[in-house]
> 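Sharing a structure here in structure tokens format.
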Amino acid sequence: MRLERVSEHIWSLTVWVLIPVRVWLVRDPEGGVTLVDAGLPFMARGILRAVERLHAGPLQRILLTHGHSDHVGALRRIVTQTPVPVYAHAIEIPYLEGALPYPRRKRPQALVPKGLVTPLEEGPDGGLRRVAGLKPYLTPGHAPGHVVYYHEQDQVLIGGDLAMSKKGQVRPPMAIFTGDMEEAIRSLQILRELEIQRLELCHADPVERPAERMEALLRDQRPRLWPKPGA
Ligand SMILES: [Zn+2]
Ligand SMILES: [Zn+2]
């Protein structure tokens, strides 16, 4: 497991199982650590050890980008050892609790015990409330309630499965695991709307200044990004 410093407040923790699987630790200026995503089951011990290694205080909370199994795997073990609140977008909760099947999947699957995950709070602006220096944004498509977390001070976007990357360019998320690719491509617009120095991704290398690294995507996906009026 590799612990790597991403920015002043953020570290990534990566394992390789054919592809990288990554989670993030975010140091809260008010003390303590926020975990973004919970990886695979065997990562639980390594995650808790990494929190200790930061010497930034105890784990305070877990934020999920979405509920796919490779993002909630270590959740149960972590909260058993360190009971902390877990948050995801309200839209995502019925899917990860197994009340609804994820789009394009036959059966619902209860990946997380019912009631363990709490909805992210709404803020006064109608968006989602900031938590521990991170502003969540709903970016549906890969999963119905997928969110990304923007660290405003560090200008880092923790993207989860928002996208992939190849040769330093932003690419669409993995097709076989993506519920609605049209919507997922539209959600990539966020990369041009926020001031992002570094885009962190769960299964691919980070992308520096992603707004300038979308040429390949625009070439292939222009009709999806900007559908013709009335089309
Ligand atoms: Zn996913
Ligand atoms: Zn994933």
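Atoms considered below: every heavy atom in the structure, side chains included; atoms not considered: hydrogens, waters and symmetry mates. Remember, it's 1-based here, ligands and their atoms both numbered in the order they're listed. Residues: numbered from 1 along the sequence shown. Remember, predicted model here, so these are calculated numbers, not experimental data.
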> Taking both backbone and side chain into account, is any N, O or S atom of H146 nearer than 2.8 Å to the Zn ion (ligand 1)?
no
> Any side-chain to backbone donor/acceptor pair from Y149 onto L64? Under 3.5 Å, distance only.
yes
> Can you confirm whether V131 sits close enough to E121 that some side-chain heavy atom of one is under 4.5 Å from a side-chain heavy atom of the other?
no
> Which of these passes side-chain hydrogen bond (donor to acceptor under 3.5 Å, both in side chains) with R198: E208, H151, Q155?
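Single pass found, and it is E208.
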> Under 2.8 Å from the Zn ion (ligand 2), which protein N, O or S atoms do you find? Ignore water molecules.
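Listed by chain and number: D70 OD2, H71 NE2, D161 OD2, H203 NE2.
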> Considering the options H146, Q189, R186, E183, which one meets the side-chain hydrogen bond (donor to acceptor under 3.5 Å, both in side chains) requirement together with T139?
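For T139, the side-chain hydrogen bond (donor to acceptor under 3.5 Å, both in side chains) test succeeds with only one of H146, Q189, R186, E183, which is H146.
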> Hey, do the aromatic rings of H66 and Y95 have their centres closer than 6.0 Å?
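No, too far apart.
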> Looking at P140 and S187, what are the two nearest heavy atoms and their distance?
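So the minimum-distance heavy-atom pair works out to O-OG, 2.6 Å.
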